[in-house]
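Scroll down for the structure; my scribbles are underneath it.
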Amino acid sequence: MGVRASCHCGAVVFEVAHAPTDVNECLCSICRRYGALWAYYRPGEVRFGGEGGSDTYVWGDRQLAFHRCRTCGCMTHWSSVDPAHDRMGVNVRLMSPEMLRAATIRQSQGPE
Ligand SMILES: [Zn+2]
């Protein structure tokens with residue numbers, strides 16, 4: 001049984017196989033504004049469901065697309081614009097509070 005997460009309205013849901021142990025609070029110009037806490041997975045490890053769509057935001061060197069629920073606006077995940085890049089980030093704030101309490105939160109400094 002995986003770990004489930006959903007945006008506030010439930011239109012975007014996803015599931016990962018393993019609970020995150022390390023969570024990253026990225027302090028770059030976009031992540032600190034979103035207030036997201038990231039856990040990183042390979043795209044094949046994250047299963048998406050729900051009926052809602054996402055809007056995306058791409059900025060800077062245009063390598064990452066930030067996805068937010070089209071209905072409630074929650075930042076759900078980022079994905080790489082380049083499909084060959086085998087990494088994505090999901091917002092642990094969409095999981096249960098227990099997942100955040102159990103994880104170690106680290107900080108990283110990204111680009112301004
Ligand atoms: Zn939503």
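Atom set for the values below is all heavy atoms of this structure, side chains included, hydrogens, waters and symmetry mates excluded. Whatever order the structure lists ligands and atoms in, that order sets their numbers, starting from 1. Note that the structure is predicted; figures quoted are calculated from it, not measured.
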* Asked: Under the side chain to side chain donor-acceptor pair (under 3.5 Å) test, which residues partner Glu51, sequence neighbours left out?
  -> none
* To do: Taking side chain to side chain contact (heavy atoms under 4.5 Å, CB included) as the test, write out the residues that go with Arg106, two or more places apart.
  => Asp22, Thr104
* Partners of Ser79 by side chain to side chain donor-acceptor pair (under 3.5 Å), sequence neighbours excluded? -> His67
* **Donor-acceptor contact below 3.5 Å, side chain Tyr41 vs main chain His18** => yes
* **Test applied, ring pair (Phe, Tyr, Trp, His ring centres under 6.0 Å); reference residue, Tyr34; option that passes from Phe66, Trp78, Tyr57** => Phe66
* Asked: Between Val12 and Cys74, is any pair of side-chain heavy atoms under 4.5 Å apart?
  -> no
* Asked: How about the Zn ion (ligand 1), which protein N, O or S atoms come within less than 2.8 Å?
  -> Cys7 SG, Cys9 SG, Cys69 SG, Cys72 SG
